[in-house]
Amino acid sequence: MSLDLVHAGKVRELYDAGDDMLVMVASDRISAFDVILDEPIPEKGRVLTAMTIHWLDLLADVAPSHLISADPADLPPGAAELGGEAGLAGIAGRAMLVRRAEMLPLECIVRGYLAGSGWAEYAAAGTLHGMTLPRGLEQAQRLPEPLFTPSTKATEGHDENISYDDAVDLVGKETAEKARDICVEAYRRAAAAAETHGIIVADTKFELGVIDGRIALCDEVLTPDSSRFWPADEWRPGTNPPSFDKQPVRDWLSATDWDKKPPPPALPAEVVAATSERYVTAYERISGRSLADWYGATR
Ligand SMILES: Nc1ncnc2c1ncn2[C@@H]1O[C@H](COP(=O)(O)OP(=O)(O)O)[C@@H](O)[C@H]1O
Ligand SMILES: [Mg+2]
């Protein structure tokens, strides 16, 4: 029996596993400047999945999560077909069995540092998602406190940064407060843990959903795709620190004359290999484990 595809996203595919369960498979696809590149990055899907499990373990007492199991042996029989000729081995380490949630229509971003669209807004208007911040902050500067800075979850086009009050209008006061408290606490714990490994979590995006009436951590959690990880020793306020993982891709693309619109140029093999290496290193530094010990290892 094959599983029905319920969602094909930029990076993940979701399949119906019956009984309000889903199989979520992380691919090796990579996007840069919001365009999906043609070359897969070996090991990226395993890194995203292993990293999510690592953090969900650490955050288990902050909130419940959608995770049932990432053990390939726990996947429903139809899942083997998703791995192509390799069968179950083809998705081992990239697939998770999860509970289906009613997703909140919010991207729950927490920022500990001023970067990306947050920095752009502050530089232009002195505000962050509508909140007034002290004057004179620099790009990449650490904020006095981590801040919950939600955005909409656009089905088309770009997500839009919104204020906390806008989030209250979208999900109600009680849910917004719970979401904020869960996400800020999860960020604090993760940032403190990563810092001991020389990595700054500048910001991250959680996606929450409701399962059995409780707000749960869903989707991917604190991965390189959902977070800005900076090597602490390369962080300088006033500069734009390179993100830990996509730096080789971005550097290479920026040196071409590509206009950032599809189709993207083909990545050379050495850039693909360097990027794969960075993802694996990020996982191994942050978790203190070897990716070779995660499901689906082939080398
Ligand atoms: N437990 C869950 N139940 C239902 N939907 C989920 C759950 N966890 C994550 N999702 C949704 O699954 C999708 C994951 O696929 P992804 O490739 O990240 O898509 P996108 O391109 O929309 O970010 C997201 O739309 C996310 O909101
Ligand atoms: Mg996503």
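Whatever order the structure lists ligands and atoms in, that order sets their numbers, starting from 1.
- At a heavy-atom cutoff of 4.0 Å, ligand 1 is contacted by the backbone of R99 but not by its side chain.
- Proximity of R12 to ligand 1, defined as any heavy-atom pair under 4.0 Å, is shared by backbone and side chain alike.
- Under 4.0 Å from ligand 1, the heavy atoms of L14 that appear belong solely to its side chain.
- Shortest contact from atom 27 (O) of ligand 1 to any protein heavy atom: E207 OE1, 2.6 Å.
- No side-chain donor-acceptor contact under 3.5 Å links S243 to the backbone of R228.
- When the shell of 6.0 Å around CD of E174 is examined, it contains 12 or fewer heavy atoms from other residues, nucleotides or ligands.
- Regarding atom 3 (N) of ligand 1, its nearest protein heavy-atom neighbour is A101 N, 2.9 Å.
- A donor-acceptor pair is defined here as one N or O able to donate and one able to accept, closer than 3.5 Å; no such pair exists between the side chain of N161 and the backbone of S151.
- Judged purely by atom type and a 3.5 angstrom limit, E234 has no side-chain atom pairing as donor or acceptor with the backbone of F244.
- Of all protein heavy atoms, the one lying nearest to atom 24 (C) of ligand 1 is D219 OD1, 3.7 Å.
- The only option from V280, D245, T223 that meets the side chain to side chain contact (heavy atoms under 4.5 Å, CB included) definition with V47 turns out to be V280.
- Near R100, meaning under 4.0 Å from one of its heavy atoms, ligand 1 places the atoms 3 (N).
- Under the 4.0 angstrom criterion for non-hydrogen atoms, E102 is not in contact with ligand 1.
- Within the 6.0 Å centre-distance limit, the rings of Y113 and W230 are counted as a close aromatic pair.
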Using the rule given for side chain to side chain contact (heavy atoms under 4.5 Å, CB included), can you reason through L22 versus Y15, listing the C-alpha separation, both sets of side-chain angles and the distance that settles it, and then say yes or no?
CA-CA 5 Å; L22 300 168; Y15 298 88; over 6 Å; no
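- Closest to atom 23 (O) of ligand 1 among all protein heavy atoms lies K10 NZ, 4.0 Å.
- Only the side chain of M103 comes within contact range of ligand 1, with a heavy atom under 4.0 Å; no backbone atom does.
- Panel note: side chain R94, backbone T49; no donor-acceptor pair is recorded below 3.5 Å.
- In summary, the atoms of ligand 1 found under 4.0 Å from a heavy atom of V11, numbered by their order in the structure, are 17 (O).
- Which parts of ligand 1 touch C218 is read off a 4.0 Å heavy-atom cut-off, strictly below it: atoms 1 (N), 8 (N).
- For the ligand labelled ligand 1, residue K153 lies inside the 4.0 Å heavy-atom shell.
- Proximity of H7 to ligand 1, defined as any heavy-atom pair under 4.0 Å, is confined to the side chain (atoms from C-beta onward).
- Looking at H129, its side chain never comes within 3.5 Å of a backbone N or O of S163 through a donor-acceptor pair.
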